[in-house]
Amino acid sequence: PICIGWTGSVSTVKHFRLLLSVFRKLKYKYANKICFRLICDKKTLIEEEWIEKVSWNANDEVQQLNQLDIGVMPLPPDEWSKGKCGFKAIQYMSLEIPVVLSAVGVNTEIVRHGINGFLASSQQDWFKFLSMLIDSKELRIKIGEAARKTIVAKYSLQSQLPVLISNLRALTS
């Protein structure tokens with residue numbers, strides 16, 4: 001099955017919950033063609049039996065993420081979310097995992113909608129973009145490859161080291 005997943009801490013599981021109604025509709029539409037995985041640092045109280053709960057572990061975090069076919073990052077449109085970094089998106093994208101993210105804060109800078117990921121502003125958007133990715137392996141590959149290129153070009157150590165060195169030199173001049 002195509003695995004849709006989320007990773008995060010117990011303090012942000014409330015954001016994962018924002019998509020439960022969308023996940024239910026997707027489960028109804030696609031049945032056993034899809035699965036859902038929640039990777040979290042502590043046991044969560046998500047009661048849906050059809051959502052696989054995985055304990056986050058630093059030693060195999062990349063292996064856990066590599067089991068995802070689609071990564072999600074739902075956020076509410078509040079001030080806290082607007083200031084949140086896009087680390088979850090960067091993690092997924094660095095592994096060529098196509099993403100659907102809330103169109104909030106830095107997510108709108110990281111993702112070029114329809115090019116290297118999708119930005120959702122409503123429950124209908126989430127359903128539409130996740131369905132598109134579920135329905136097309138080619139689209140998942142295309143978006144995933146573009147996502148990886150974005151991360152290498154803008155967020156990798158290789159791309160940021162010259163910036164850091166330049167800033168440090170400016171401070172010592």
Side-chain angles (χ1 to χ4, degrees), residues 1-8 12-13 15-40 46 48-54 56 60-75 77 81 84-160:
I2 296 162
C3 186
I4 300 167
W6 177 91
T7 187
T12 57
V13 166
H15 301 148
F16 177 84
R17 291 179 191 279
L18 295 172
L19 291 182
L20 286 177
S21 64
V22 172
F23 291 163
R24 285 185 195 101
K25 289 177 187 173
L26 289 168
K27 188 70 176 160
Y28 180 78
K29 178 178 179 181
Y30 294 101
N32 292 330
K33 183 178 178 184
I34 61 172
C35 67
F36 300 90
R37 182 166 294 138
L38 170 71
I39 305 168
C40 192
I46 300 286
E48 285 73 9
E49 294 176 14
W50 44 270
I51 296 176
E52 180 186 1
K53 290 94 177 167
V54 176
W56 177 87
D60 63 359
E61 180 178 23
V62 172
Q63 181 183 1
Q64 290 174 341
L65 291 173
N66 268 326
Q67 294 175 18
L68 306 181
D69 296 296
I70 302 168
V72 297
M73 185 179 175
L75 293 170
S81 295
K84 195 164 168 38
C85 85
F87 185 64
K88 190 182 318 288
I90 291 169
Q91 283 182 294
Y92 300 142
M93 294 170 73
S94 70
L95 296 169
E96 291 189 15
I97 300 168
V99 296
V100 181
L101 315 175
S102 289
V104 175
V106 74
N107 289 354
T108 62
E109 296 172 29
I110 297 170
V111 167
R112 292 175 49 215
H113 182 73
I115 306 294
N116 63 357
F118 292 96
L119 296 167
S121 298
S122 67
Q123 297 283 302
Q124 293 81 9
D125 284 350
W126 280 100
F127 186 81
K128 175 184 173 184
F129 302 138
L130 287 170
S131 292
M132 288 168 52
L133 288 167
I134 292 165
D135 289 335
S136 175
K137 182 177 183 177
E138 294 77 22
L139 182 61
R140 289 193 307 274
I141 291 168
K142 177 183 163 191
I143 295 291
E145 288 174 349
R148 168 81 180 162
K149 287 178 184 172
T150 298
I151 300 310
V152 169
K154 294 184 176 182
Y155 299 96
S156 68
L157 177 60
Q158 301 94 316
S159 71
Q160 293 306 303

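By the 6.0 Å contact criterion, CZ on Arg17 is enclosed, its count of non-hydrogen atoms from other residues, nucleotides or ligands being greater than 12.
Using a 4.5 Å cut-off on side-chain heavy atoms (C-beta onward), Ile2 and Leu133 make no contact. Residues Ile143 and Phe118 meet the side-chain proximity criterion, which asks for heavy atoms closer than 4.5 Å.
Distance check, rounded to the nearest 0.5 Å: CD1 of Ile4 to CG of Leu38 gives 13.5 Å. Of the inter-residue distances, the one linking Glu52 atom CD with Cys35 atom SG reads 6.5 Å to the nearest 0.5 angstrom. Rounding to the nearest 0.5 angstrom, the gap separating the CD1 atom in Ile90 from the CD1 atom in Ile110 is 4.0 Å. One distance of note links NE2 of His113 with OG of Ser121; it measures 8.5 Å at 0.5 Å rounding. The distance from atom NZ of Lys88 to atom NE2 of His15, rounded to the nearest 0.5 Å, is 9.0 Å. Between atom CZ of residue Phe23 and atom OH of residue Tyr30 there is a gap of 13.5 Å, rounded to the nearest 0.5 Å.
Ala89 and Leu101 make their closest contact through CB-CD1, 3.6 Å (heavy atoms, listed as atom of the first residue, atom of the second, distance).
The distance between the ring centers of Phe36 and Phe16 does not fall below 6.0 angstrom.
A donor-acceptor pair under 3.5 Å is absent between the side-chain atoms of Ser136 and the main chain of Met132, judged by distance alone.
Side-chain N/O atoms of Gln91 and Thr7 include no donor and acceptor closer than 3.5 Å.
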